[in-house]
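Here's the structure, in structure tokens; my notes come after.
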Amino acid sequence: MTEERLRSSLSHNSTYHVRGSKVQQLHAVADALNQTSDLDTLEGIDWDNFGFGLRPTDFMFVMKGDLEGNWQKGQLRPFGNLEVSPSAGVLNYGQGVFEGMKAYRTADDRILIFRPEENAMRMINGAERMSMPAPDVDTFVDAVKKTVLANKRWVPPTGKGSLYIRPLLIGTGPILGLAPAPEYTFLIYVSPVGTYFKGGLSPIDLKVETYFHRAAPGGTGGVKTISNYAPVLKTQLMAKGNGYSDVLYLDAIENKYVEEVSSCNIFMVKGKVISTPELAGTILPGITRKSIIQLARSRGYEVNERPVSVDELLAADEVFCTGTAVVVNPVGSITHGTNRVQYNNGAVGRVSQELYEALTTLQMGVSKDEFDWVVELV
Ligand code: COI
């Protein structure tokens, strides 16, 4: 059978379960696509040396719908390219939102995901802002579970990283005049990943950006639209070229209050109090951010969500970033103009370390899930 026929056969007959009667079919397809015939294990992968990059896996989930939100039945398909019209809404007018999630493998070989309903709701909110229909919470969560299970062998061994999950909602229907696209595609792909920043979980060096802004009041800074990310590449590349890890953005009105880093939220610790910029529409409502606030409060910390000036940040005892990709990452230094401040002599701060451990042991199923945040995939 040709690869094309096999791919088409799989997409027409695909099942969401890689167990039972469909296993033979999936083995045959995997063999023919030059993947390993063993759908449950992977040999020879150097799990210790994954950074944060795309490693193609076996399956992706694809579901199409119309502008009115009528969704067809979603399907698992072999991971591969999409075909869209050159005038697709996403290509021409940036109609797209995405999510980031992670699946972890426990020591006893269970697969866990973290607060998936939060991602589903954030996608619904973002889609509303971008005039797009979105899958409902149950459909979203179900699709995430199916995609992870179909790619189960790519969830790294416990303690060696995670399977990053990228749900994406894009306007794929053709449109030329400026208007919402007539057709939408919801898809999910996954990739095994290690730590986000080079050098693992070591403290990062941030540069405060004083000219370019990430978001303005009334704009889209508070939703996870694809169009928030390309504009930060320029400043990020410039900062990286000068030896920094990433860029810290300030508010667009006074150029004084801290907003977020290109890929994550920011927290500061002063004495016994933790503060983080409040969500006022220009900052991404991070799910890791929200979880860290809840976790820190449950451990007795006072946590304030309020405007945080860059001067206050520079005077903090400790600073750290949060995000799905970055998890909890300590900040070693911040440079604002000619002023460079180093925290903890560049070492990991005590609070960052405590909250990193509290979060990750929960996500990896090591500590008791008192919040009911962890979902086991079966
Ligand atoms: C995530 O943390 O999941 C994100 O979506 C940030 C992205 C820039 C990697």
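Remember, it's 1-based here, ligands and their atoms both numbered in the order they're listed.
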*asked:* Only heavy atoms of A325, strictly under 4.0 Å: list the atoms of ligand 1 that pass.
replied: 1 (C), 2 (O), 3 (O), 9 (C)
*Return yes or no for this condition: an N or O of F52 is under 3.5 Å from an N or O of ligand 1.*
no
_Looking at E183 and K64, is there a salt bridge between them, counting it only when a charged N and a carboxylate O are closer than 4.0 Å?_
yes
*Nearest protein heavy atom to atom 8 (C) of ligand 1, by residue and atom, and its distance?*
S263 CB, 3.7 Å
*Describe, in one word, how the ring planes of W47 and F50 are oriented to each other, choosing from parallel (under 30°), tilted (30 to 60°) and perpendicular (over 60°).*
tilted
*Does an N or O anywhere in Y229 fall below 3.5 Å from an N or O of ligand 1?*
no
_I'd like to know whether the aromatic ring centres of Y164 and F52 sit less than 6.0 Å apart in this structure._
yes
_Please report whether the ring centroid of F114 lies less than 6.0 Å from that of Y104._
no
*Answer with yes or no whether K224 contacts ligand 1, where contact means a heavy atom under 4.0 Å from a ligand atom.*
yes
_Below 4.0 Å from ligand 1: does a non-hydrogen atom of R166 turn up there or not?_
yes
*In terms of atom number and element, which parts of ligand 1 are under 4.0 angstrom from non-hydrogen atoms of Y164?*
1 (C), 3 (O), 4 (C), 5 (O)
*Atoms of ligand 1 less than 4.0 Å from G100 heavy atoms?*
3 (O)
*Considering only NZ, NE, NH1 and NH2 on the basic side and carboxylate oxygens on the acidic side, decide whether E305 and R289 come within less than 4.0 Å.*
yes
*Between the main-chain N or O of I253 and the side-chain N or O of D251, is there a donor-acceptor pair closer than 3.5 Å?*
yes
